[in-house]
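The structure appears below as structure tokens.
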Amino acid sequence: MVANTKGLLIAGLLLSVIGAALFIISLALLPSVLNVATNNAIVDAVIVDSFKSQRYNDWAGQKSVDNYFKQYYYLWNLTNPNEVLNGKNCNFEKIGPFNYKYEWNNSKVSFSDDGNLINYIQSKSYKWIEGEDSLNPFTVSTTNFNPAYLGLLSTLSKNSITLGMTAEDLLYTLASAPQTKQFLNYLSSDNFTMIAYFYNGPKYFNQQFQLLLSTINNNLTTTPTIYFLEQWSNSTTIPTNGNSSLWDNMLISYGLDSPSGISLQSALEILNPMNQYSLLNSTIGISYWINAVFNGPNSNSYQILEQELGINQAQLTLVMIWWLKGFNDQYTMNQLLKQCEIESIELLGVCQFITTIPLGYKSICQFNITNLPWLEPIEIPIAMGTNLTISTNEAQINLFNDNADSLLTIQGLGLFAQQMTTNNFTQWNLTNDDAMTIIGYFLSYIPNTTGYSIKSVQSFYNTSGLIVTRTANEWLWDCQDDLLDYLGITDQQCSFQQNNTIFKPSTVYTGKKDLSLTNQYQQFQEQSTITIWNGTVNVTGFVENGQMAPLVQDNLPQTLTIFEENILRPLSLVHSSSSSVMGVSTQRYYLPNQSFPIDPVFNNSIDGFANLTGLFNGVPIYVSLWDMYGVPIEYSSLYINGLNQTYENAEIPLDLEPITGNTLYYNLKLQINLQIPSNANNLWFSSLGNWSNIFSPTNNSFGIFYPSLKIGQTATASTNDINLLKQQFKQIQTVKIAPVVVVSIFGGILLIAGLVMTIYGFRKIFYNNNQYNGYNIIN
């Protein structure tokens, strides 16, 4: 009994000690356990280092679907374009917003460096959001300066200065290339082939007619000529009199179910060269027939031929089909191929252009053809008064091909003109004499003597000139510039934005090895250093998807650096104060006012402007804060009416939740502006054009910057995401406190149990001792 009581006492003491120790340990370990539990929960919820990560789908694009990433635009509308063209200041008004939902998708994903790096290809899409306060971009139009045209002049000015001419004059000159392409397209068309048939056909018809006539015997009741005319007009089979092979394609009714019904008198008029309405008359008749074919049955020429030849519309059409598709395709075509030394009729136009052989050494302009816009000769021999020594085939292969050095493109013609300094034209296999003839044609005759290229360029100015009117959708995404298309320029944008774009691969740190690098670029679109600038610009900063480094609440960064993809440089936002988004505590950051200082590395020469001309193929684009806030007035509000240059309007805030590193709100606001230099009237605009009176400032050397559009990008976490974030915070609290509470409770239970057992055991021992002592005394 005594042994059991002592065991109870000892057990109770042990339990008490263990319980107390566990309780004390739980309290002592509370801070570190909480920290470890919190960090692990955050890391699991934020870091994407494998396809099995909690947030992989969000990172891959689902986050942009579930949340509202909004890109919105305000277009600047020029309200006084005619006054501006006459030297007045611009009046602008802001039109918008036009709201779009911005989504991304990351594909072809791979992980490396044990999950520390993630490589992917990103695509972006923008969808117009109907409703809210958004205007309809498909129906709302604005007027402003045309970036495509300004880019064209800006690019041409680099060469026009050395040539002693304006960029627009150089444009008129180089436009000789697409103008000549237009000539060749017409000369290579079926229309020209038909003209060549009408011109050459009578000669070869007469030859074939005389051969056939010689085989027709005189054992007839009529003359051979009358016999031929009767058979020509109405025989549906090969006649028995005459060489049968010579009758081939000499009968207009051959193979028909019934004869044409053309009378002998009409047949005689049609095939009498002396008749001015005859198919074989090469002076007046040829024009009637050509215009009748080109303009159809309702044309005056068609009706005149019907009346003068005594035939109806169906009979006239039958004669035309026979003439073009029957006789000439068999007889005249072969003769033209021989004369031009070509194997395909497709090169007949090139032959006419460099030799004039198909039209008997005459220009197409000498024929009275309606709707032909050219009044002056367009063929080189007639225009320049000299013949080229190259053949038709050589011209097609070396001069008028589909390569970059083709003389039918402004790039190829420009390259050709540059060789004038060296007189080396071996790239085109030309002699110097031929080269000088071609230079004279392209650089002088077409733009200056005829004015063809000047007129062609200016014909596009209403829709593609300096100032144009377009819908918001065209300004932003879907612009087709007719002048660029005509010039064959494909590497220059007409719209300011691109939709459904797929970019080159990028590599980002996941944060697995260093939380501070979470979601920061290692490479942006295969570049770790941006090479377009004048100096070293490293790719650094967070990706623009709203995720920053987590667990910074105890060591809050004073700056956040984001790599801004649109302007290809890091931008740093500065910490301002505490804030709150939908009940979640956040930290507010702002982009500083002077984020685009004068900096030769970025080609920035004016405070407040980011010069992006080098990024857009010469288009003089300058990015600023909204309304050119922070730009000196001599480059902004002094000449531009309608700007609201206040900090409240231009500020760029960002609210960071520092535990998870989530951006719960931001509003990035930038503005695109276009530059016209101060010396544009002397260097850009021709005296032959429409822009030479535009205002040019004298108090600065950079010109005027015209606002085009304001871009805003903002994101607000959805209510579901905010509630989820709050729930995660509660779970984190549960996760971090639960082990400690369990240990504390367990330790407390052990302590209490131990104390109870100790007290009970002590009391039993004390009672037993007193009992035995009393017995001894009694004894």
Side-chain angles (χ1 to χ4, degrees), residues 178-203 205 266 269-325 327-329 332 336 345 348-353 356-380 382-383 445-446 449-460 482 486:
Q179 180 64 67
T180 301
K181 183 178 182 180
Q182 193 178 76
F183 294 156
L184 279 175
N185 285 343
Y186 184 86
L187 293 177
S188 300
S189 68
D190 290 341
N191 280 0
F192 177 74
T193 301
M194 287 189 287
I195 294 172
Y197 282 175
F198 275 113
Y199 179 80
N200 292 278
K203 173 183 176 181
F205 176 82
S266 293
E269 296 295 328
I270 293 172
L271 298 181
N272 178 12
M274 302 304 296
N275 178 18
Q276 65 176 349
Y277 302 105
S278 168
L279 181 63
L280 306 180
N281 184 279
S282 59
T283 55
I284 299 176
I286 186 174
S287 296
Y288 281 114
W289 283 87
I290 290 174
N291 287 315
V293 170
F294 288 174
N295 299 313
N298 294 326
S299 64
N300 289 333
S301 295
Y302 220 100
Q303 295 171 5
I304 289 173
L305 289 177
E306 290 177 27
Q307 180 178 348
E308 296 296 333
L309 298 174
I311 54 179
N312 59 37
Q313 184 181 111
Q315 292 170 334
L316 178 56
T317 301
L318 187 62
V319 173
M320 289 176 176
I321 294 173
W322 162 77
W323 181 242
L324 296 173
K325 298 300 181 182
F327 176 82
N328 281 288
D329 267 357
T332 307
L336 290 175
I345 198 66
L348 187 67
V350 178
C351 180
Q352 173 67 19
F353 185 64
T356 64
I357 287 176
L359 294 185
Y361 303 100
K362 296 179 181 179
S363 172
I364 189 175
C365 299
Q366 295 178 243
F367 293 82
N368 185 24
I369 302 173
T370 57
N371 300 322
L372 191 65
W374 306 302
L375 302 177
E376 301 288 340
I378 61 175
E379 297 87 351
I380 292 178
I382 298 176
Y445 179 78
I446 295 300
T449 303
T450 67
Y452 285 149
S453 61
I454 297 176
K455 295 172 186 176
S456 65
V457 169
Q458 292 183 350
S459 69
F460 295 103
D482 295 334
Y486 173 72

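- One N or O on the side chain of Gln352 and one on the backbone of Leu359 form a donor-acceptor pair closer than 3.5 Å.
- Counting only residues at least two apart or on different chains, the ring-ring contact (aromatic ring centres under 6.0 Å, His included) pairs with a member in residues 282-318 are Tyr277-Tyr288.
- Here the side chain of Gln307 pairs no donor or acceptor atom with the backbone of Ile304 at under 3.5 angstrom.
- Looking at Gln366, its side chain does come within 3.5 Å of a backbone N or O of Ser363 through a donor-acceptor pair.
- Annotation: side-chain hydrogen bond (donor to acceptor under 3.5 Å, both in side chains) contacts of Asn291 (sequence neighbours excluded): Thr370.
- Under the rule for a side-chain hydrogen bond (donor to acceptor under 3.5 Å, both in side chains), Thr450 has no partner lying at least two apart in sequence or in another chain.
- Ser278 is linked by a side chain to side chain contact (heavy atoms under 4.5 Å, CB included) to Asn275, Leu280, Asn281, counting only residues two or more places apart in sequence or in another chain.
- Checked by atom type and distance alone, the side chain of Thr332 never pairs as donor or acceptor with a backbone atom of Tyr197 at under 3.5 Å.
- Defined by atom type and a distance below 3.5 Å, a donor-acceptor pair is missing between the side-chain atoms of Glu306 and Gln303.
- Looking at residues two or more places apart in sequence or on another chain, you find a ring-ring contact (aromatic ring centres under 6.0 Å, His included) between Phe367 and Tyr199.
- Using cut-offs of 30° and 60° on the angle between ring planes, the pair Trp323 and Phe198 is tilted.
- Qualifying ring-ring contact (aromatic ring centres under 6.0 Å, His included) partners for Tyr186, counting only residues two or more places apart in sequence or in other chains: Trp374.
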